[in-house]
Amino acid sequence: MNRPLNIGITCYPTYGGSGVIATELGMAMAKRGHRVHFIAYDIPRRLDRYLENVFFHEVEVRDNPVFLHPPYLIPLTSTMVDVASQEKLDLFHVHYAVPHATSAFLAKQILGERAPKILTTLHGTDITLVGHDRSYLPVARFSILASDSVTVPSAFLREATYEKLSIPTDFPISVLPNFVDTEVFRPHCPEDPTRVRPPLPHCAANEKVLIHVSNFRPVKQVDQVVKVFHLVRQKIPSHLILVGDGPERSHVEQLVRELGLKDKICFLGKQDSVAEILQRAHLFLLPSRNESFGLAALEALSCGVPVVASRVEGLPEVIRDGKDGYLCDPNSTEQMAERCVQLLSSDSLYREISLSARARAVESFGKDAIAARFEAHYSSMITK
Ligand code: GMT
């Protein structure tokens, strides 16, 4: 199909990976000539509002004395119905089953024959964590099965969805990986990966820079990042940069004080220009307990920054152990620290792994190639 499509995108408009992928994919589709309507309660963080073919429709979730909690699902559904009829949407692309696919299903019922098709992209938390919660499970399962098509970013998440939500295995779920803009997320000095951008003011010039980027949820184990760094510092002069914010921040700050690392760890909080910060780092740490894909790790690889991460869930599909970094037991502080020291103490090993990390991102997860796969997926849904 060659005609431009009208696509409605719903996501959580926050700094999380699902919001980033939804936004970047929408902007990529707009650049390919499709009209893209973001339907969300706030402007997605990475959205360029002034891009041609991009529109934003706010979901107004108003407080009402009748409700204990404002019901997000209902205003979202109403906005979806409104945008679908006004803009003649061909497709709702919703990120997260609950409640976004649920709203899309309701909107479809309301719109009847003129309803757009529903593509649901699952991201992990909605299956591995929400999937366990009995109060969400029947609705999540129903909303997935009611979608016209379902995608996941990793083979791990496809299997987890079948298993945890008891989805029949003949119900198709396609793996369409997450992606990265390799022009934005690129190494500071491609010819010599050991040369990073000049350090932040807090770091000394001779120090190696370790970095972690996340939303500081317990699942990210940011305390483990600090413990690993504590061991690495005993062998190698180094500094740790923590980017992001979330519920574990004060617990982590407390640990940093207890370990006497206050001058060696800098908390940057939420940041928009993550690429520029990654270019100042030698190594990315991601000791998560759960990670269906690990977009933050992919962005690091794309900057030529090797990743030391947990051997869990979708991470081995992104990081090849011993090639682009190392995969370890998420709870073994010693093993992770050993791998970091090994990488940071040999320039030749570091160079080899850094070059491989960059090649991995460019060859397997480049934005244009994956956006083209999504575009083909959209077309196949519309022509069905
Ligand atoms: O990891 C989070 O807390 C955020 C979450 C989200 O919804 O944005 O991330 C999930 O989706 C990302 C994009 O597909 C993946 O890269 C993350 O691995 C995944 N997080 C988990 O599975 C815990």
Side-chain angles (χ1 to χ4, degrees), residues 9-26 40-42 44-47 93-101 119-133 136 140 150-161 163-165 173-181 185 212-222 224-225 242-249 270 274 284-302 307 309-319 327 330 361 364-365 367 370-371 373-374:
I9 294 185
T10 295
C11 63
Y12 284 112
T14 55
Y15 283 90
S18 61
V20 169
I21 287 299
T23 310
E24 293 287 349
L25 183 60
Y41 64 78
D42 202 355
R45 292 289 167 269
R46 288 201 193 171
L47 184 64
H93 187 173
V94 295
H95 296 259
Y96 264 65
V98 178
H100 297 162
L119 170 60
T120 298
T121 293
L122 307 172
H123 283 277
T125 312
D126 43 355
I127 301 305
T128 52
L129 303 178
V130 176
H132 286 300
D133 188 332
Y136 291 103
V150 175
T151 73
V152 286
S154 61
F156 155 77
L157 191 57
R158 180 173 56 191
E159 293 321 305
T161 306
E163 192 196 315
K164 288 187 194 294
L165 272 71
I173 299 180
S174 310
V175 179
L176 282 182
N178 289 333
F179 55 84
V180 61
D181 187 334
F185 288 83
H212 168 81
V213 182
S214 79
N215 53 14
F216 282 53
R217 289 199 301 124
V219 70
K220 303 292 174 180
Q221 305 211 108
V222 189
Q224 178 72 328
V225 174
L242 295 172
V243 181
D245 209 338
E248 288 293 288
R249 166 110 178 225
K270 290 180 182 167
V274 177
F284 190 95
L285 275 171
L286 192 64
S288 308
R289 268 200 308 268
N290 300 86
E291 209 68 72
S292 74
F293 183 87
L295 183 63
L298 175 59
E299 292 182 338
L301 297 182
S302 187
V307 177
S310 310
R311 187 182 287 103
V312 297
E313 301 192 341
L315 285 173
E317 294 175 51
V318 180
I319 306 147
L327 297 173
S364 303
F365 301 105
K367 181 166 99 169
I370 309 282
R373 287 176 63 185
F374 270 101

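All ligand and atom numbering here is 1-based and tracks the order in the structure. Basis for what follows: all heavy atoms, side chains included, without hydrogens, waters or symmetry-related copies.
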Without hydrogens or angle criteria, can the side chains of H123 and T125 be said to hold a donor-acceptor pair below 3.5 Å? no
Contacting atoms of ligand 1, where contact means under 4.0 angstrom from a heavy atom of G16: 8 (O)
Check contact between H95 and ligand 1, using heavy atoms of the residue and a distance below 4.0 angstrom. no
With heavy-atom distances below 4.0 Å as the criterion, list the atoms of ligand 1 near Y96. 6 (C), 7 (O)
Does the distance from a Lys or Arg side-chain N to an Asp or Glu carboxylate O, for E313 and R289, drop under 4.0 Å? no
Under the ring-ring contact (aromatic ring centres under 6.0 Å, His included) rule, collect the residues that match up with F185, sequence neighbours excluded. none
For V274 against E299, the heavy-atom pair lying closest together: CG1-OE1, 4.5 Å
With nothing but distance in play, are any N or O atoms of G17 less than 3.5 Å from an N or O of ligand 1? yes
R217 contact mode with ligand 1 (heavy-atom cut-off under 4.0 Å): side chain
Between L295 and ligand 1, which part of the residue brings a heavy atom under 4.0 Å of the ligand: side chain, backbone, both or neither? both
Among all residues two or more places apart in sequence or in another chain, which pass the ring-ring contact (aromatic ring centres under 6.0 Å, His included) test with Y12? Y96, H100
At the 4.0 Å heavy-atom cut-off, does I21 count as touching ligand 1? no
Quick one about T151 and S174 (side-chain donor to acceptor, distance below 3.5 Å, no hydrogens or angles considered), yes or no? no
Select the closest option to atom 15 (C) of ligand 1 among G244, A297, G294, P177, judged by heavy-atom distance. G294
Check N178 against ligand 1 and report side chain, backbone, both or neither, counting heavy atoms closer than 4.0 Å. side chain
K220 N/O to ligand 1 N/O under 3.5 Å: yes
Measuring from non-hydrogen atoms of Y12 to any atom of ligand 1, is the shortest distance under 4.0 Å? no
For residues A300 and V307, report the shortest heavy-atom separation together with the two atoms involved. CB-CG2, 4.0 Å
Shortest non-hydrogen contact between P287 and S310, atoms and distance: C-OG, 2.9 Å
Would one find an N or O of S18, backbone or side chain, under 3.5 Å from an N or O of ligand 1? yes
Residues K367 and E24 bridged, charged N to O under 4.0 Å: yes
Could you tell me, atom by atom, which parts of ligand 1 come under 4.0 Å of a heavy atom of N215? 2 (C), 3 (O), 4 (C)
With a 4.0 Å cut-off on heavy atoms, does V219 reach ligand 1? no
